[in-house]
Amino acid sequence: MSATTLDEGSLKDIMNAPDTVPLTPAPVARAAATLETAAPPERSAHVLALTESLGRGFSAALPPTLGLILFILAWQLVSSSGGESGLPGPAKTWTSAQALFADPFYDNGPNDKGIGWNILHSLYRVGAGFGLAALVGIPLGFMIGRFTFLSGMVAPIISLLRPVSPLAWLPIGLYVFKETEPASLWVIFISSIWPIILNTAAGVSRVPQDYLNVARVLNLSEWKIFTRILFPSVLPHLMTGIRLSIGVAWLVIVAAEMLTGGTGLGFWVWDEWNNLNVEHILIAIFIVGIVGLMLEQMLVMIANQFNYE
Amino acid sequence: MHDYLHIDRAKMVFDTKKGKFTALTDINLTVKQGEFIALIGHSGCGKSTLLNLVAGLNDPSEGVLLLNNREIKGPGPDRGMVFQNHSLLPWLTCYGNIHLAVERVFGGKESARQLRDRTMNALELVHLTHAADKRPSEISGGMKQRVGIARALAMEPKVLLMDEPFGALDALTRASLQDELMRIVEETKATTLMVTHDVDEAVLLSDRIVMMTNGPAATIGEILDVDLPRPRDRLALAEDAHYHHLRGQVLAFLYQKHHKKAA
Ligand SMILES: Nc1ncnc2c1ncn2[C@@H]1O[C@H](COP(=O)(O)OP(=O)(O)OP(=O)(O)O)[C@@H](O)[C@H]1O
Ligand SMILES: [Mg+2]
């Protein structure tokens, strides 16, 4: 009963797919870490060491700061070269953003809500769609990783469906559910389930033989094997899957909301385009980026909790 | 003392990418209950493979292994194993790693308090009480090995299988654990198979030394009876002529006769 020694051939192709990434923390996280450790708060440190560490902190902060400044300069350049009909510049966008965030939670009926509401709606859809995907994807991933036969069965289906563009699923959702809300959840669900399944399955099939030998020598029960060996060993892979999954969901939600309308960041972008309010579109792009970055950072932090080495 | 472990014409062939690889061939060995066997041989000759066969982690390609007149079919808690690479679970503390084993063996019969005491006693035996709540990543290689030893001993197995258990230890710790091991084995009457690269350790601890030829297709080259009286004292033995004679024989095998006999 070597259920865990998975046949390499069957799943190999999918598991080497770009969805399954090695367990290295995101570069952003590493940059943040160097920033943190750059100035250790040691009271006993010599003045020399202090200036040195300050210097290191400075040189770590320098490249990103410089990059941002150049980015804003370039933006300014592009907008001023366009004349009257050019892109709004940084200053104008900033003023507009201040006005927007002065009252983020107003509610003037169905098509006119504060930016806070729109962000929350998008986040809610991502959470719900991803939650469903996790509910189905994690157990499925465990079973695929543990049973070679099952993995052989589903491998072709996964390979076929995974490359489909998320929005191609929207008409199916609209047709089946007859409503936009469940249809957009469906799109999130179907596009974020693949990384979860594949990473969980990869994790299960890569549980080190040493740990399984321990389980066998101790003659652990199936339940103990699952809770004490399989699950903890798969957890880092699972966290990678979740991170990728939420990343995909966040990418997809804006596009889906543009098509379905009603509420959410995507809808807001489309609405502001119809109003020709380009500042707001730029602001929306920043919001999408910043929220996505925060989601990613949060998940990296959680994932680091499960890094045993 | 009756025959306890019986290995009869065991052969181990691995399927590798480059075809079949014969690691062990024609292994015949009979071990009495309570006997201490040291396995010695050059790296890669198949000592771990032989231990895995007795543990039941692998099945022999040919031949048969009997434990107490029953064929070995898979592992069981009657055989405690100290792995060469310690194999501690990185997400459990030292205490947790040992407790997992204790719970499995004694869980049905004893109270939670007794299980806790057993775990703590095992930790104390290897002088690691202070590291009970540490994760394996937070302790040294030698400490990990000691936790692995404690885990196996805590199960009070009838057969103790140890794969270079003292390999990564400094001389002092090694000596103290060797003495501890002699005492425990004396007390529990466990039948012991121990892989080692250390000739002194082999002579000091064992009743017989099984010397293996080089692989591939390694087999047992010679078996040396260590007829030194027990209890043994390492300081007294250092002066003992017979001890040095035995030691010399193992060395001679390893460095002169170790090459495979023309087959
Ligand atoms: N699962 C396996 N598949 C293929 N070959 C194997 C496998 N396990 C061991 N071998 C081979 O069998 C031989 C014996 O290996 P083994 O680990 O038993 O050696 P060893 O005597 O324990 O060495 P060391 O002293 O270095 O630990 C080696 O040549 C090894 O490459
Ligand atoms: Mg070995």
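Naming: A, B, ... by sequence-line order, numbering from 1 per chain.
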S.K.: From B:Leu89 CG over to A:Leu218 CG, what is the distance, rounded to the nearest 0.5 angstrom?
M.R.: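 Separation between the atoms: 8.0 Å.
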S.K.: Mind checking whether B:Trp91 and A:Tyr211 have ring centres under 6.0 Å apart?
M.R.: yes
S.K.: How about A:Asn213 and B:Phe83: do any of their side-chain heavy atoms sit closer than 4.5 Å?
M.R.: yes
S.K.: Check whether any side-chain heavy atom of B:Arg151 lies under 4.5 Å from a side-chain heavy atom of A:Val214, and answer yes or no.
M.R.: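 Side chain of B:Arg151 against side chain of A:Val214, heavy atoms only: contact under 4.5 Å found.
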S.K.: Taking everything shown except B:Gln114 itself, do over 12 heavy atoms lie less than 6.0 Å from its CD?
M.R.: yes
S.K.: More than 12 heavy atoms of other residues, nucleotides or ligands under 6.0 Å from CZ of B:Phe21: is that the case?
M.R.: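 It does: B:Phe21 CZ has more than 12 such atoms within range.
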S.K.: If you look at every heavy atom in B:Gly76 and A:Asn219, which pair is closest and at what distance?
M.R.: CA-ND2, 4.3 Å
S.K.: What part of A:Leu235 gets closer than 4.5 Å to chain B, counting heavy atoms only: side chain, backbone, both or neither?
M.R.: neither
S.K.: So for atom NZ, which belongs to B:Lys158, do other residues, nucleotides or ligands contribute more than 12 heavy atoms lying within a distance under 6.0 Å?
M.R.: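 Check fails, neighbour count at 12 or below.
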S.K.: Tell me, for B:Arg104 versus chain A, whether the close heavy atoms (under 4.5 Å) come from the side chain, the backbone, both or neither.
M.R.: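 Side chain only.
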S.K.: Heavy atoms under 4.5 Å from chain A: which residues of residues 123-134 of chain B carry them?
M.R.: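 Result: none.
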S.K.: Measure distances from B:Asn85 to the heavy atoms of chain A and classify the residue's part below 4.5 Å as side chain, backbone, both or neither.
M.R.: side chain
S.K.: What pair of heavy atoms forms the shortest contact from B:Pro75 to A:Arg216, and how long is it?
M.R.: CB-O, 3.3 Å
S.K.: In terms of heavy-atom proximity below 4.5 Å to chain A, should B:Leu88 be classed as side chain, backbone, both, or neither?
M.R.: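 For B:Leu88, the backbone is the part near chain A, not the side chain.
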S.K.: Side chain, backbone, both or neither: which part of B:Glu138 has an atom under 4.5 Å from a heavy atom of chain A?
M.R.: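 Looking at B:Glu138, nothing touches chain A.
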